[in-house]
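In what follows, a structure is listed as structure tokens, so that the remarks can point back to it.
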Protein chains: 2
Amino acid sequence: MYSFTEENYIKAIFKLQEKSNNAVNTNSIAELMETKPASVTDMVKKLSEKKLLIYEKYKGVELTESGRIMAIEMVRKHRLWETFLHNKLNFSWDEVHDIAEQLEHIKSSKLIDSLDEYLGFPQHDPHGDPIPAKNGSIKRIELFKISEFSIGDFGIISGVVNHTSLFLQHLEKNQLVLGNEIEVVSRSEFDLSLRVKIEGKAPIMVSNEVARNVLLKKIVK
Amino acid sequence: MYSFTEENYIKAIFKLQEKSNNAVNTNSIAELMETKPASVTDMVKKLSEKKLLIYEKYKGVELTESGRIMAIEMVRKHRLWETFLHNKLNFSWDEVHDIAEQLEHIKSSKLIDSLDEYLGFPQHDPHGDPIPAKNGSIKRIELFKISEFSIGDFGIISGVVNHTSLFLQHLEKNQLVLGNEIEVVSRSEFDLSLRVKIEGKAPIMVSNEVARNVLLKKIVK
DNA sequence: ACAAAATTTTAGATTAGTCTAAAATTATTT
DNA sequence: AAATAATTTTAGACTAATCTAAAATTTTGT
Ligand SMILES: [Mn+2]
Ligand SMILES: [Mn+2]
Ligand SMILES: [Mn+2]
Ligand SMILES: [Mn+2]
């Protein structure tokens, strides 16, 4: 049985591994875990003894197959709990993450599989992130930032890059919520802000900062 | 914020206080917590500094008002989670306790109140135990052990004394489940076993051991 | 290539929770 | 009212996870 701390390290290393492809370095783990590099070194030594990752002094770490399986299980639990909170208990998408951070550590595979079934085997969590299946498979679909869209392109809001409450609340206020269809109408050369039209509503202005943090599924009309 | 360990101590002390009325002694806490008396002494000192209980050397402990409030919150969480597992995820009554032991430590009052509402403000958990309300009030009703019943008495199974999986599974196999109405038909002088009739079913034999661990609400016919 | 900077590791301390063994106190028996 | 037994506390040690400060190693810049 692994401790909460060990589970959090594995999850953090997995997240870092996802975006970088190279070995994950000590400092980046420390930053994500909000801890000190010295503590990270201690922990990766321990996780390496437990065969969850490969650690080479001064060279960073890489998850083993069992480390990866464990990380995906954590992600599955986290996202299923977020979905439960959102779909069943009516929590808004900016409220679910912190509680899921706690719930993801509950040890019971029967519980998580029952929850999955109870929720109707959801494919995505309240932020649009894919929920790994029981067998570990993750269905990824290609998404694009609004900022990458051309004038006249249509898309459906399907994910976010930034997951902070502040950002999610901002999106909600501006109708930029999951599932809404939008069209990019124009782009300002000055600040790269965009005018976008949300189906059926009056066009709104979207800053470049926002446009770089909202993900769309492209649709052809 | 309190640690899981601190929360478990408070819950244990509350449970012991419920049945004894006197101050709770070190050894009984150690036994219930499956730890050593020396560890208990250390912990009660700490909890006493945090004003959750009154500790007097060699005299045992007693929860303060805030300790009692915290204990009741823990009980509320535990029983609501058990109810969720049973009512929504179809866990049987012998499977819910261990998982609730983990879930009761999730810190979010919004979560627990939402869960309460989602479950329809249940009054009892899957074992018949009362679920404390948000304000801490607990509705207790008078229950009697089957063994205390006289021949010809009627009652509805409304609780259990023993909460072990083994016992609960045994009850389930013998139709002795919550809500069933039973009548005590006869008592053997030899081993104090009883013949009881479960409404609509053939009479069964109930050992004294079982009869002392099943609680009934008396009904007058 | 080599000095300076950045990163990483080690050494030694700290805190929470636990343990064993010994000492202190309280309760029970004679 | 002692003596004995049971309970409780103290002292000192251990593990997990963390920290700071110093040492080691790697990377970067000239
Ligand atoms: Mn999340
Ligand atoms: Mn999410
Ligand atoms: Mn229980
Ligand atoms: Mn219960």
Side-chain angles (χ1 to χ4, degrees), chain A residues 1-14 16-17 19-63 67 70-71 74 101-102 104-105 107, chain B residues 1-14 16-17 19-63 67 70-71 74 101-102 104-105 107:
Chain A
M1 200 83 337
Y2 300 104
S3 71
F4 284 23
T5 309
E6 290 172 321
E7 290 184 339
N8 284 334
Y9 268 93
I10 291 297
K11 205 170 48 127
I13 293 164
F14 177 74
L16 292 167
Q17 210 167 248
K19 62 176 76 166
S20 70
N21 298 316
N22 336 350
V24 177
N25 50 307
T26 305
N27 267 359
S28 55
I29 300 171
E31 192 186 3
L32 188 56
M33 293 288 298
E34 297 182 76
T35 183
K36 303 293 167 183
S39 310
V40 172
T41 300
D42 282 347
M43 180 55 78
V44 297
K45 278 180 184 168
K46 198 172 116 190
L47 296 175
S48 139
E49 271 162 33
K50 296 193 179 185
K51 311 280 184 204
L52 292 170
L53 50 78
I54 306 292
Y55 166 58
E56 229 187 314
K57 252 193 194 182
Y58 293 104
K59 304 288 179 193
V61 301
E62 214 166 332
L63 292 183
M70 175 169 160
M74 298 306 301
E101 281 293 308
Q102 298 180 61
E104 71 189 8
H105 298 290
K107 270 100 176 166
Chain B
M1 199 83 342
Y2 299 103
S3 71
F4 284 23
T5 309
E6 289 171 323
E7 290 184 339
N8 285 333
Y9 268 94
I10 292 297
K11 204 170 50 128
I13 293 163
F14 177 74
L16 292 166
Q17 209 167 249
K19 62 176 76 168
S20 72
N21 297 316
N22 337 350
V24 177
N25 51 307
T26 305
N27 267 358
S28 55
I29 299 171
E31 192 186 3
L32 188 56
M33 292 289 297
E34 298 182 76
T35 182
K36 303 292 167 184
S39 310
V40 172
T41 300
D42 283 347
M43 181 54 78
V44 298
K45 278 181 183 167
K46 197 172 116 189
L47 295 174
S48 139
E49 271 163 32
K50 296 193 178 184
K51 310 278 185 208
L52 292 170
L53 50 79
I54 307 292
Y55 166 60
E56 228 188 316
K57 253 193 194 181
Y58 294 103
K59 303 287 179 194
V61 301
E62 215 166 331
L63 292 181
M70 176 169 159
M74 298 306 300
E101 282 293 307
Q102 298 181 59
E104 70 190 8
H105 298 291
K107 270 100 176 167

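Letters go in sequence order (proteins before strands), and every chain restarts at 1.
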Gap between atoms [atom1] and [atom2], on [X] and [N] respectively (whole Å):
{"X": "B:Leu47", "N": "C:dT18", "atom1": "CG", "atom2": "P", "value": "11 Å"}
{"X": "A:Ile29", "N": "C:dT9", "atom1": "CD1", "atom2": "C1'", "value": "14 Å"}
{"X": "B:Asn27", "N": "D:dT8", "atom1": "CG", "atom2": "P", "value": "4 Å"}
{"X": "B:Asp42", "N": "C:dT15", "atom1": "CG", "atom2": "P", "value": "15 Å"}
{"X": "A:Lys50", "N": "D:dT15", "atom1": "NZ", "atom2": "P", "value": "14 Å"}
{"X": "B:Tyr55", "N": "C:dT25", "atom1": "OH", "atom2": "P", "value": "12 Å"}
{"X": "A:Met43", "N": "C:dT8", "atom1": "CE", "atom2": "C1'", "value": "17 Å"}
{"X": "A:Met33", "N": "D:dT18", "atom1": "CE", "atom2": "P", "value": "6 Å"}

Residue whose nearest DNA chain D nucleotide is more 5′ - A:Tyr58 or A:Ser3: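 Checking each residue's closest nucleotide, the 5'-ward one belongs to A:Ser3.
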Using a cut-off of less than 4.0 Å, is there contact between a side-chain N or O of [X] and OP1 or OP2 of [N]?
{"X": "B:Lys57", "N": "D:dT10", "value": "yes"}
{"X": "B:Asn25", "N": "D:dT8", "value": "yes"}
{"X": "B:Thr5", "N": "C:dA16", "value": "no"}
{"X": "A:Lys45", "N": "C:dT9", "value": "no"}

Steps toward side-chain contact (heavy atoms from CB on, under 4.5 Å) verdict (B:Ile10, B:Tyr2): CA-CA 10 Å; B:Ile10 292 297; B:Tyr2 299 103; over 6 Å; no
A:Val61/A:Tyr9 under side-chain contact (heavy atoms from CB on, under 4.5 Å): CA gap, chis, key distance, verdict: CA-CA 11 Å; A:Val61 301; A:Tyr9 268 93; over 6 Å; no
Nearest-0.5 Å distance, CD of residue A:Glu6 to CE of residue A:Met1: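 Result: 10.5 Å between the selected atoms.
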Under 4.0 Å, counting only non-hydrogen atoms across every strand here, what does [X] touch: a base, just sugar-phosphate, or nothing?
{"X": "A:Thr41", "value": "base"}
{"X": "B:Ser39", "value": "base"}
{"X": "B:Phe4", "value": "nothing"}

Chi angles and distances behind the side-chain contact (heavy atoms from CB on, under 4.5 Å) call for B:Lys11, B:Met70: CA-CA 8 Å; B:Lys11 204 170 50 128; B:Met70 176 169 159; over 6 Å; no
A:Pro37 side chain, from C-beta outward: closest of C:dT9, C:dT18, D:dT20: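 When the side chain of A:Pro37 is considered, C:dT9 is the closest of C:dT9, C:dT18, D:dT20.
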Note, B:Leu63 side chain near B:Phe14 side chain (heavy atom, < 4.5 Å): yes
